[in-house]
Structure formats: structure tokens, C-alpha cells
Amino acid sequence: MAGAIVGRLGRHPTSLLLLTLPRHAAAHHRLHSPSSSQGQYSKMGDPSERNGHGALTRVLFCGPYWPASTNYTREYLQDYPFIQVDEVGLEQVPDVIHSYHICVVKNKRIDSDIIAKATQMKIIMQYGVGLEGVDVNAATEHKIKVARIPGSTTGNAVSCAEMAIYLTLGILRKQEMDTAVNRKDLGVPVGDTLFGKTILILGFGAIGIEVAKRLRPFGVKILATKRNWSSDTLPSYVDELVDKKGGPEDMYEFAGEANIVIACMTLTSETIGIVDHKFVSSMKKGSYLVNIARGRLLDYKAVFDHLESGHLAGLGIDVAWMEPFDPEDPVLKFPNVILTPHVAGVTEYSYRTMAKSVGDTALQLHLGEAFTEVEFVN
């Protein structure tokens with residue numbers, strides 16, 4: 001039994017101590033543990049005024065996709081009966097959102113109409129990075145805070161970076177290997193190495209930084225674009241990671257130098273379709289494209305046309321233009337395309353850590369404590 005407890009809670013050094021405390025005391029101890037000492041702080045007043053139900057704080061997960069997010073959060077909060085975690089179908093969200101205090105959006109678009117119905121809502125958040133599905137202005141008007149979980153502290157950036165490497169190696173080594181095995185061939189197909197390549201990282205945020213760290217040992221040249229290189233969020237050793245830095249205005253020039261482009265950008269109104277015909281045409285003939293950020297960064301027709309012409313030698317994507325993915329999408333008919341089902345950030349490490357962030361945020365809201373696990377954007 002003790003082994004099972006350690007196995008389940010071993011990621012948190014205070015977890016065994018928490019089992020010996022009364023539930024409310026355990027919550028207070030967890031919220032003041034060293035692991036919760038960093039982050040953005042905010043107060044939201046007396047819990048009885050906040051949650052609307054007095055003794056219960058309710059967390060809503062929108063939709064059935066990424067099921068581990070709901071399951072792991074429930075596990076993390078299983079000893080706290082005053083926190084209720086529910087999951088409903090995407091179409092049900094507008095009908096039930098009025099009963100909840102925290103909303104975890106996943107892939108649900110939370111627009112102004114839905115926000116207007118969220119009469120008890122205090123926090124809207126994403127299980128991970130990216131809040132393009134939330135009408136932040138409408139939330140602000142309704143005095144609802146909108147938050148993201150920092151990818152650099154939860155393992156999400158690390159997990160996404162590893163997937164970027166996986167997809168890059170996959171398209172370099174070609175993906176007809178199963179065909180060769182079925183034919184009992186040996187020594188085919190002829191792949192390529194990362195060694196000696198020039199790689200452009202579009203968007204040098206938390207994920208881009210982790211990608212660069214992992215690329216360095218392969219013996220590559222790294223180019224990167226970022227809107228603001230003076231940001232204090234950049235590591236002091238950034239010059240060791242990047243051989244050539246540029247802004248958005250440099251992306252076409254850099255594309256012409258790179259053998260591989262990895263998209264790590266945030267999706268905004270300015271970046272939708274930014275990898276378009278002009279950009280892909282600027283890439284070297286026979287170069288490769290990887291996207292582990294958001295599907296709509298890539299212009300579908302531009303990518304399709306350049307795969308069909310052979311200008312692009314391969315495409316590796318964890319995100320697509322429409323999700324869930326269409327298995328009959330013509331792009332998937334090319335043998336040099338790898339698609340994974342939006343799992344770049346879905347690892348045991350990142351999801352357990354993000355469950356802690358959501359769980360602690362719910363406990364902090366209930367108890368009127370300072371928020372330490374999330375970053376507010378409004």
C-alpha cells in the first residue's frame with residue numbers, strides 16, 4: 001500500500017506529509033509549500049463570496065479530448081471534496097457554464113456569448129499554453145480573470161521540444177520504413193542526418209528555447225526569429241543557442257538559408273497563415289517543415305502545393321488545420337508527411353505538473369489564497 005501511495009504522489013515531496021494532515025490543513029500546507037513560492041500573485045477576496053455555493057468550488061473541463069487533463073486533475077484533488085471537477089461535451093458548455101467557477105477551455109471557443117452566461121465564473125484557463133480560443137476582452141468586461149499555465153515551468157515546453165526533435169528525425173529518415181519491412185527489404189530508404197543542417201526556429205519563446213537546447217548536440221546551425229529579443233524572459237546563454245537572430249522581417253531571408261523550419265509561434269491574428277506561399281517558396285528546394293505549435297500557422301494550400309511539386313521534402317506536424325483530424329485529408333496521402341494527434345505536450349511529466357497547477361489554482365480560489373501557479377493575461 002505504501003508503495004502504491006509513493007508511486008502515485010512521488011512527484012510532490014510534501015505528498016506523504018499531506019496524507020497525515022486534515023484535509024483543510026493539507027490544502028493550506030500544499031499552497032504554502034516551496035514548490036508554490038513562484039508565480040504571479042492575485043487575491044480574489046473571501047471564498048464564500050467567490051464560489052457562489054459556499055462550500056463547493058466547481059471546475060469545468062470543456063470537451064472529451066485530452067482526457068488525461070481531467071483525470072489527472074481529479075486524482076490530484078481527490079482528497080478535497082470541496083473541489084468538484086466535471087467534464088462535459090463541447091456542445092453542453094453553454095448550458096452548464098453558469099454553475100462553475102473555473103473553466104479549463106481545452107479546444108472549446110469561449111466567446112462573448114458563452115462568457116455572458118458564466119455568471120459565477122472567476123477564472124478561465126488553458127491546460128497549457130495558448131489562449132487564442134478565449135475572448136479575453138469579454139472576460140475582462142465580466143470581471144473574469146484569464147490565465148495560462150507557464151510552459152517553461154510545467155514541462156510542457158520540454159515535452160513539445162522533444163516532439164519537435166522526434167518529428168524532425170522522422171521526416172529526415174523518411175517514413176516508408178514500414179513498407180520496406182513488409183517487403184523484407186534491407187538498407188532502404190536512404191535517410192538524412194540532422195548533423196550539418198541549418199535550422200530555422202520560428203518563434204523563440206519557451207518552446208523554441210527548449211528546441212534549440214536539444215538541437216545543439218546534433219551539430220547544427222540555428223537561426224531564430226523573435227519579435228522582441230530584449231525580453232527579460234530569455235536565458236542569459238541565448239547567444240550560445242542561436243547562431244543568427246532576427247525579427248519577423250528576417251523570416252524570408254532565414255528561410256532561404258535553412259534546411260529545416262520548425263514553427264513554434266503563438267497563434268495570433270498576425271500569425272495565422274504566416275507560413276504561406278511566399279514563405280514556403282523562400283525555403284530551399286528539398287527542405288523540411290515541422291509544426292508543433294498551432295495548425296493554422298501554416299497556410300494549407302501553400303503547404304499542399306509545395307509538397308505536391310516536391311519543393312518541400314517532408315512535413316512533420318503535431319497540429320492540423322482542422323481538429324480532430326480528417327484521416328482522409330489529401331495532405332496525409334503524401335508518403336513524406338508525419339502527423340501525430342496533438343500530443344506534443346501530452347506526457348506524464350507535463351500533464352501531472354499541469355494538473356497540480358489547475359488543482360492548486362482551484363484550492364487557492366476556494367481558500368482565498370494568493371495565486372502562484374498561473375500567469376494572468378488581464
Problem set entry | Heavy-atom closest contact (Met283 atom, His311 atom, distance) | O-NE2, 2.8 Å

Exercise. For Phe371, does its backbone N or O pair with a side-chain atom of Thr361 as donor and acceptor, under 3.5 Å?
Worked result: no

Exercise. Same cluster or not: are Val337 and Val275 linked, directly or through other Ile, Leu, Val, Met, Phe, Trp or Tyr residues, by side-chain heavy atoms under 4.5 angstrom apart?
Worked result: yes

Problem set entry | Any side-chain heavy-atom pair of Ile222 and Ile201 under 4.5 Å | yes

Exercise. Can you hop from Ile262 to Ile171 via hydrophobic side chains spaced under 4.5 Å?
Worked result: yes

For this session: Compare every heavy atom of Val343 with every heavy atom of Asp318, then report the nearest pair and how far apart it is.
Result: OD1-N, 2.8 Å

Exercise. Is Asp185 reaching over with its side chain to a backbone N or O of Val188, donor-acceptor style, under 3.5 angstrom?
Worked result: no

Problem set entry | Glu257 and Lys244 ion-paired at < 4.0 Å | yes

For this session: Taking the side chain as every heavy atom from C-beta outward, state whether Val238 and Trp229 have any pair of such atoms under 4.5 Å apart.
Result: yes

Problem set entry | Gap separating the CG atom of Asn107 from the CD atom of Gln126, nearest 0.5 angstrom | 8.5 Å

Exercise. Would you say the side chain of Glu308 lies within less than 4.5 Å of the side chain of Phe334, judging by non-hydrogen atoms?
Worked result: yes

For this session: Decide side chain to side chain contact (heavy atoms under 4.5 Å, CB included) for Met322 and Asp329; before the verdict, give the C-alpha distance in whole Å, the side-chain angles of both, and the deciding distance to 0.1 Å.
Result: CA-CA 10 Å; Met322 295 291 294; Asp329 190 316; over 6 Å; no

Problem set entry | CA sep, side-chain torsions, deciding dist, call: Glu87, Arg74, salt bridge (charged side-chain N to carboxylate O under 4.0 Å, His left out) | CA-CA 10 Å; Glu87 180 182 277; Arg74 282 177 177 151; 5.9 Å; no

Problem set entry | Check: His306/Ser281 side-chain N/O donor and acceptor closer than 3.5 Å | yes

Problem set entry | Cation-pi geometry met for Lys106 and Tyr65 (6.0 Å, 45°) | no

Exercise. Taking a hydrophobic cluster as the set of Ile, Leu, Val, Met, Phe, Trp and Tyr residues connected by side-chain heavy atoms closer than 4.5 Å, whether directly or through intermediates, do Val158 and Ile149 fall within one such cluster?
Worked result: no

Seminar exercise, completed: Nearest heavy-atom approach of Tyr127 to Thr73 is CE1-OG1, 3.6 Å

Exercise. Taking Thr57 for the side chain and Ala362 for the main chain, is one N or O donor matched with an acceptor at less than 3.5 Å?
Worked result: no

Problem set entry | Side-chain (Asn182) to main-chain (Thr179) donor-acceptor, under 3.5 angstrom | no

For this session: Check whether any side-chain heavy atom of Arg294 sits under 4.5 Å from a side-chain heavy atom of Thr271, and report yes or no.
Result: no

For this session: Kindly say whether Ile209 contributes a backbone atom to a donor-acceptor pair with the side chain of Lys213 at under 3.5 angstrom?
Result: no

Problem set entry | Residues Leu315, Leu298; criterion side chain to side chain contact (heavy atoms under 4.5 Å, CB included); working and verdict | CA-CA 11 Å; Leu315 172 70; Leu298 275 54; 4.1 Å; yes

Problem set entry | Any Ile124 side-chain heavy atom under 4.5 Å of Ile115 side chain | yes

Exercise. Would Glu162 and Thr347 count as a side chain to side chain contact (heavy atoms under 4.5 Å, CB included) if you check the C-alpha gap in whole Å, the side-chain angles of each, and the deciding distance to 0.1 Å?
Worked result: CA-CA 10 Å; Glu162 290 184 1; Thr347 62; 5.6 Å; no

Problem set entry | Within-4.5 Å side-chain heavy-atom neighbours: Leu194 and Ile260 | yes

Exercise. Does the Asn378 side chain pair with the main chain of Lys145, one donor and one acceptor, at a distance under 3.5 Å?
Worked result: no

Exercise. Do Tyr300 and Val331 come close enough that some side-chain heavy atom pair is under 4.5 Å?
Worked result: yes

Problem set entry | Carboxylate-amine/guanidinium contact Lys245 Asp239, below 4.0 Å | yes

For this session: Considering non-hydrogen atoms only, spot the tightest contact between Met251 and Leu200 and give its length.
Result: O-CD2, 4.0 Å

Problem set entry | Over 12 non-hydrogen atoms of neighbours within 6.0 angstrom of CZ in Phe325 | yes

For this session: Just do the side chain to side chain contact (heavy atoms under 4.5 Å, CB included) check on Ile272 and Leu267 with the steps written out, would you?
Result: CA-CA 6 Å; Ile272 290 176; Leu267 184 68; 3.5 Å; yes

Problem set entry | Rounded distance [0.5 Å steps], CD1 in Ile165 versus CD in Glu210 | 11.0 Å

Exercise. Do Met354 and Val104 belong together in a cluster built from hydrophobic side chains that touch within less than 4.5 Å?
Worked result: yes

For this session: Measure from the side-chain N and O atoms of Trp66 to the backbone N and O of His342, and report whether any donor-acceptor pair falls under 3.5 Å.
Result: yes

Exercise. Is any side-chain heavy atom of Tyr100 less than 4.5 Å from a side-chain heavy atom of Asp86?
Worked result: yes

Problem set entry | Contact summary for Ile317 and Trp321, nearest pair of heavy atoms | CD1-CZ3, 4.1 Å

Exercise. Looking just at side-chain N and O atoms, do Asp192 and Tyr288 make a donor-acceptor pair shorter than 3.5 Å?
Worked result: no

Seminar exercise, completed: When rounded to the nearest 0.5 Å, the distance separating OG1 of Thr168 from CE of Met163 is 11.0 Å

Exercise. Roughly how far, to the nearest 0.5 Å, is NE2 of His277 from CG of Asp299?
Worked result: 5.5 Å

Exercise. Would you say Arg109 has more than 12 foreign heavy atoms packed within less than 6.0 Å of its CZ?
Worked result: yes

For this session: Specify the closest pair of heavy atoms between Leu131 and Ala147, including all atoms of both residues, with the distance to one decimal.
Result: CD2-O, 3.6 Å

Exercise. More than 12 foreign heavy atoms under 6.0 Å from NZ of Lys333: is that the case here?
Worked result: yes

Exercise. Judged by atom type as modelled, is there a donor-acceptor pair below 3.5 Å linking the side chain of Glu132 to the main-chain atoms of Thr268?
Worked result: no

Exercise. Relative to each other, are the rings of Tyr72 and Tyr351 parallel, tilted or perpendicular (30° and 60° limits)?
Worked result: perpendicular

For this session: Rounded to the nearest 0.5 Å, what's the gap from OG1 on Thr225 to CG on Asp250? Could you check?
Result: 8.0 Å

Seminar exercise, completed: Output for pair (Leu363 CG, Glu373 CD), nearest 0.5 Å, gives 10.0 Å

For this session: Keeping the roles fixed (side chain from Lys174, backbone from Asn336), state whether a donor-acceptor pair exists under 3.5 Å.
Result: no

Exercise. Side chain of Arg216, backbone of Ala212: donor and acceptor closer than 3.5 Å?
Worked result: no

Exercise. Is it true that Ile292 and Met265 fall in one hydrophobic cluster, defined by side-chain heavy atoms closer than 4.5 Å?
Worked result: no

